[in-house]
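Remember, it's 1-based here, ligands and their atoms both numbered in the order they're listed.
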Amino acid sequence: MSRLQYQGAVYTAAPGETLLDALQRQGAEINHSCRKGSCGCCQIRLLDGSVDTLRDVDASLTRDDHVLCCVSVPRGDVTLALPDPSHRPQPVELLARTQLAQDIYALDLAPLNMLDFRAGQHVHLIREDGLARPYSIVSLPEDDFFFRIHVRRLGEMSTWLCEQARIGERMHLRGPAGECHYGDDLRERPLLMLATGAGAGALAAIARDALARGHAAPIEFHHGVRDAGSLYLDVELRAMAQRHPNFRYLPCVSSEPVPGIAHGRIVAHALENRSGLAGHVLLLCGLPTMVEDARVAAALAGIPRERVLADPFDFTHKPHPRDAEKVAAMPADPELWAALEEGPGLTRLLEAFYARVYEDPRLSPFFHNVTRDWAVQKQYEFLSNLFNGNKAYFGLNPYNAHHWMVISDELFDYREALFETVLREAGLAPELIRRWLALHERFRAEIVKGAPRGMILSGVEQPLHTLSVQRLTIDAVCDSCHQEILAGAPSRYQYRLGTLHCAACAGIADA
Ligand code: HEM
């Protein structure tokens with residue numbers, strides 16, 4: 001039996017079973033089609049371990065540590081991750097380009113194969129040299145045979161698309177993907193849409209999709225830009241508001257005030273200090289800082305996590321953890337601290353939470369080699385300092401604490417739902433629960449990611465491998481099973497705990 005680690009969960013594969021069969025059997029979502037190694041749909045990244053390949057496959061589909069699940073049988077334990085965006089591509093041709101505002105362009109793209117998409121989903125566009133970026137689709141499938149994206153001229157790929165790519169230029173795309181789109185389950189709910197900059201295109205398409213499907217509940221559309229000249233969908237959205245009494249368009253500028261237009265941060269206008277939002281669905285598309293602020297405000301407003309649909313974070317950008325400044329800026333919460341009896345109540349809640357975590361099939365694998373007492377103690381130090389405002393926490397901030405962990409938005413939500421259950425069962429006041437969970441929400445951007453990263457120390461990302469597997473030059477003893485580790489054998493040093501683990505206890509593949 002092999003252990004397969006994938007997106008925060010652990011699965012098993014029976015001897016001879018392909019990755020695709022094993023992952024599907026246990027409910028993991030894996031794209032697939034041909035099942036014989038030719039279409040490339042089931043490509044996955046092999047981060048650790050090795051596989052036997054059942055048949056020869058096109059080498060371009062297995063470059064850079066990628067394997068095809070349908071023809072790969074694990075040789076021992078393996079760690080898997082989502083494929084790099086530049087893989088599994090299909091050809092697409094640039095048909096037309098129109099400038100919509102100073103820095104924003106509409107691009108029409110014709111895929112060579114039928115593209116089955118929903119307005120608001122995103123595709124990764126891949127240039128010939130492999131440069132890839134995600135863009136949201138701003139048209140509806142029924143509009144035309146091509147699809148449209150809105151691109152803000154910023155960064156290498158977007159500038160190339162807006163200025164240099166020729167009409168007729170071939171590139172590739174991967175996707176579509178993403179949960180930020182309309183669905184019939186949203187029909188009865190008021191929709192609250194917040195977009196900044198070119199993010200308005202995707203949300204306007206989702207609103208159009210919703211209205212075309214007969215959405216009768218209110219839709220509030222907030223578009224935040226620096227200056228009024230960037231309200232590039234003003235005419236279209238005003239016309240939509242005229243046609244549909246349940247659709248409201250609320251533009252907002254952040255630089256010079258403009259009469260008749262809201263001024264400041266859209267999150268403040270749309271979400272903060274408003275009541276009665278708990279039944280809404282929140283759709284977010286645009287700047288990561290806006291998405292983060294909106295998620296925090298949504299947690300405070302009591303909008304459940306599963307009703308916050310956000311454009312995905314672009315994993316291709318270099319990480320810029322801001323956790324230290326967030327910790328420094330966070331105000332104390334004396335009311336919450338008092339409700340936690342200034343300490344003992346926090347310990348009790350964390351003990352109850354980690355008792356559940358260590359039993360949980362999705363969360364417990366992350367805590368391999370970390371004792372429960374350690375987890376409670378570290379979390380206590382972090383949270384108590386935030387709640388009582390002492391600012392005397394010397395442990396790792398969230399980015400570095402989770403640097404090697406592949407945690408998806410969905411897994412983050414799963415952990416938060418468990419946390420919320422524990423707080424509710426303990427009888428903590430709903431308002432205090434919302435404030436606590438909003439604090440966690442502030443660190444989502446530092447914790448969620450698609451691949452392990454090195455720690456960032458003094459602003460420099462450290463090599464990942466120095467923190468994991470090592471081969472010792474002298475014999476040692478495993479801190480888990482107390483068996484001897486012979487010099488030269490692989491082992492894992494948990495340097496924060498100062499403990500050493502043999503290959504079997506550390507789950508190293510070639511044990
Ligand atoms: C799915 C979500 C999460 C998972 C799977 C997770 C997992 C872990 C694990 C395994 C450790 C121990 C690391 C080690 O010592 O090697 C850890 C440490 C820690 N986590 Fe999380 N965590 C999650 C979310 C969060 C959240 C939302 C917060 C708070 C905002 C948080 C704050 C911390 C802190 C402060 C530490 C201790 C840092 C230190 O070692 O000094 N975690 N987490």
Number the atoms of ligand 1 from 1 as they appear, then name those within less than 4.0 Å of a heavy atom of [X], with their elements.
{"X": "Phe443", "result": "30 (C)"}
{"X": "Phe382", "result": "29 (C), 30 (C), 35 (C)"}
{"X": "Glu416", "result": "27 (C)"}
{"X": "Phe367", "result": "7 (C), 8 (C), 9 (C), 10 (C), 11 (C)"}
{"X": "Gly395", "result": "41 (O)"}

**OP:** Answer yes or no: is there an ion pair linking Arg442 with Glu292, defined by an N-O contact shorter than 4.0 Å?
**Re:**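 Salt bridge present between Arg442 and Glu292.
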Original post:
Using 4.0 Å as the upper bound for N to carboxylate O, is an ion pair formed by Arg348 and Glu351?
Top reply: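 No, no charged N to carboxylate O under 4.0 Å.
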Subject >> Heavy atoms of other groups near Asn273 CG, more than 12 under 6.0 Å >> reply: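 No, CG of Asn273 has 12 or fewer neighbouring heavy atoms, counting only those of other groups under 6.0 Å.
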**OP:** Select the closest option to atom 18 (C) of ligand 1 among His402, Lys378, Arg444, judged by heavy-atom distance.
**Re:**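 Selected option, by shortest heavy-atom distance: His402.
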**OP:** Run down the list Arg442, Arg415, Glu410 and name the one with the heavy atom closest to atom 27 (C) of ligand 1.
**Re:**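 Heavy atom nearest to atom 27 (C) of ligand 1 belongs to Arg415.
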Subject >> Pairwise side-chain contact, Glu416 with Leu437, heavy-atom cut-off 4.5 Å (strictly under) >> reply: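 Yes, close enough: below the 4.5 Å cut-off.
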Kindly say whether [Y] contributes a backbone atom to a donor-acceptor pair with the side chain of [X] at under 3.5 angstrom?
{"X": "Asn388", "Y": "Ser384", "value": "yes"}
{"X": "Arg434", "Y": "Leu300", "value": "yes"}
{"X": "Asn397", "Y": "Tyr399", "value": "no"}
{"X": "Ser2", "Y": "Gly76", "value": "yes"}

Subject >> Contact with ligand 1 for Tyr393, non-hydrogen, under 4.0 angstrom >> reply: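 Within the 4.0 Å threshold, so yes.
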Original post:
Is the closest heavy atom of Trp374 to ligand 1 under 4.0 Å?
Top reply: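 The answer is yes: ligand 1 sits under 4.0 Å from a heavy atom of Trp374.
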**OP:** Return a yes/no value for Leu439: is any of its N or O atoms, backbone included, closer than 3.5 angstrom to an N or O of ligand 1?
**Re:**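 N/O-N/O distance below 3.5 Å does not exist for this pair.
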Original post:
Considering distance alone, does some N or O of His440 sit under 3.5 Å from an N or O of ligand 1?
Top reply: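 No - when backbone and side-chain N and O of His440 are compared with those of ligand 1, no distance drops under 3.5 Å.
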**OP:** Indicate, as side chain, backbone, both or neither, the part of Glu381 found under 4.0 angstrom from ligand 1 when only non-hydrogen atoms are considered.
**Re:**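 Contact part for Glu381 vs ligand 1: neither.
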**OP:** Have a look at ligand 1 and work out which part of Phe366, if any, has a heavy atom under 4.0 Å from it: side chain, backbone, both or neither.
**Re:**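 The part of Phe366 near ligand 1 is both the backbone and the side chain.
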Original post:
Rounded to the nearest 0.5 Å, what separation is found between the OH atom of Tyr358 and the CZ atom of Arg372?
Top reply: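 Here the rounded value is 8.0 Å.
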